[in-house]
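Just below is one structure, and these are the notes that go with it.
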Amino acid sequence: QLQLVESGGGLVQPGGSLKLSCAASGFTLDYYAIGWFRQAPGKEREGVSCISSSDSSTYYANSVLGRFTISRDNAKNTVYLQMNSLNSEDTAVYYCAAAASGDVSQLHRLCVYLRLADFASWGQGTQVTVSS
């Protein structure tokens, strides 16, 4: 059974850093796009970052570009999101999600568009709160 479990959220001061983890079980990261999404109170869920398993290509929303870094550890079957220079607008519940494809080009498209409907498997989310 495919399962994703996020961890690493918490309370951090503005300007601080957090590293989120997304541990996958029941499948390997091969042939998957793994995305990070977030949902702030009263707002729609939005795509933040994505990594393609085919060549580890990475993608970022403009709002986090230069501050967040996505990576993966195949040995641990885990994807990470390093978040630096956090501000109050980053406060949200963060989710990781997986989308499968055997086509390399399709994996890239999944990450480029980061559409919620394309990602079939979701974790339970982890809360990130940026506040002084």
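Treat the numbers as computed from the prediction; the structure is a model and nothing was measured. Side-chain atoms are counted along with the backbone in the values below, which use heavy atoms only and exclude waters and symmetry mates.
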Sub-4.5 Å side-chain heavy-atom contact between [X] and [Y]:
{"X": "W36", "Y": "I51", "answer": "no"}
{"X": "D90", "Y": "R38", "answer": "yes"}
{"X": "L2", "Y": "Y32", "answer": "yes"}
{"X": "L11", "Y": "S131", "answer": "yes"}
{"X": "Q13", "Y": "V130", "answer": "no"}
{"X": "L29", "Y": "N74", "answer": "yes"}
{"X": "T91", "Y": "Q127", "answer": "yes"}
{"X": "L86", "Y": "L18", "answer": "yes"}

Tell me whether [Y] is reachable from [X] by hopping between hydrophobic residues (I, L, V, M, F, W, Y) whose side-chain heavy atoms are closer than 4.5 Å.
{"X": "I34", "Y": "L107", "answer": "no"}
{"X": "I70", "Y": "V128", "answer": "yes"}
{"X": "M83", "Y": "V79", "answer": "yes"}

**Message:** I'd like to know if the side chain of S101 reaches the main chain of Q106, judged simply by a donor and an acceptor atom lying under 3.5 Å from each other, with no hydrogens or angles considered.
**Reply:**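 Such a contact is absent between S101 side chain and Q106 backbone.
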
**Item:** Sidechain-backbone polar pair: N87 side chain, P14 backbone, donor-acceptor under 3.5 Å
**Value:**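 No, the answer is negative, given that no donor and acceptor are paired below the 3.5 Å cut-off.
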
**Prompt:** After noting the C-alpha distance and the side-chain angles of T126 and V93, does the key distance pass the side chain to side chain contact (heavy atoms under 4.5 Å, CB included) rule?
**Reply:** CA-CA 5 Å; T126 185; V93 178; over 6 Å; no

Minimum heavy-atom separation for [X] and [Y], please, with both atom names.
{"X": "G47", "Y": "A61", "value": "O-CB, 3.6 Å"}
{"X": "L116", "Y": "R45", "value": "CD2-CB, 3.6 Å"}
{"X": "G9", "Y": "L20", "value": "N-CD2, 3.6 Å"}
{"X": "V12", "Y": "G16", "value": "CG2-CA, 3.7 Å"}
{"X": "A33", "Y": "C50", "value": "CB-SG, 4.1 Å"}

**Partners passing side chain to side chain contact (heavy atoms under 4.5 Å, CB included) against Y80 (at least two apart in sequence or in another chain)** =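 Applying side chain to side chain contact (heavy atoms under 4.5 Å, CB included) to Y80 gives K19, S21, S71, D73, K76, T78.
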
**Request:** Look at R109 together with D118 and state whether they make a salt bridge at an N to O cut-off of under 4.0 Å.
**Result:**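 Salt bridge flag = no for D118 with R109.
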
Working to the nearest 0.5 Å, report the span between [atom1] of [X] and [atom2] of [Y].
{"X": "S63", "Y": "E89", "atom1": "OG", "atom2": "CD", "value": "8.5 Å"}
{"X": "E6", "Y": "C96", "atom1": "CD", "atom2": "SG", "value": "4.0 Å"}
{"X": "R67", "Y": "Q82", "atom1": "CZ", "atom2": "CD", "value": "12.0 Å"}
{"X": "D30", "Y": "S53", "atom1": "CG", "atom2": "OG", "value": "6.0 Å"}
{"X": "N62", "Y": "L65", "atom1": "CG", "atom2": "CG", "value": "6.5 Å"}
{"X": "L114", "Y": "Y60", "atom1": "CG", "atom2": "OH", "value": "11.5 Å"}

**Message:** For the CZ atom on F27, are there more than 12 heavy atoms of other groups (residues, nucleotides or ligands in this structure) within a distance under 6.0 Å?
**Reply:**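 For F27, atom CZ is crowded (more than 12 foreign heavy atoms under 6.0 Å).
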
**Asked** Stepwise, does the side chain to side chain contact (heavy atoms under 4.5 Å, CB included) test hold for L110 with S52?
**Response** CA-CA 8 Å; L110 288 168; S52 167; over 6 Å; no

**Request:** Could you label the plane-to-plane angle of the Y94 and F68 rings as parallel, tilted or perpendicular, counting under 30° as parallel and over 60° as perpendicular?
**Result:**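 Aromatic pair Y94/F68 classed tilted.
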
**Message:** Can you tell me how the ring of Y95 sits relative to the ring of W122, calling it parallel under 30°, perpendicular over 60° and tilted otherwise?
**Reply:**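 The arrangement is perpendicular - the two ring planes meet at more than 60°.
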
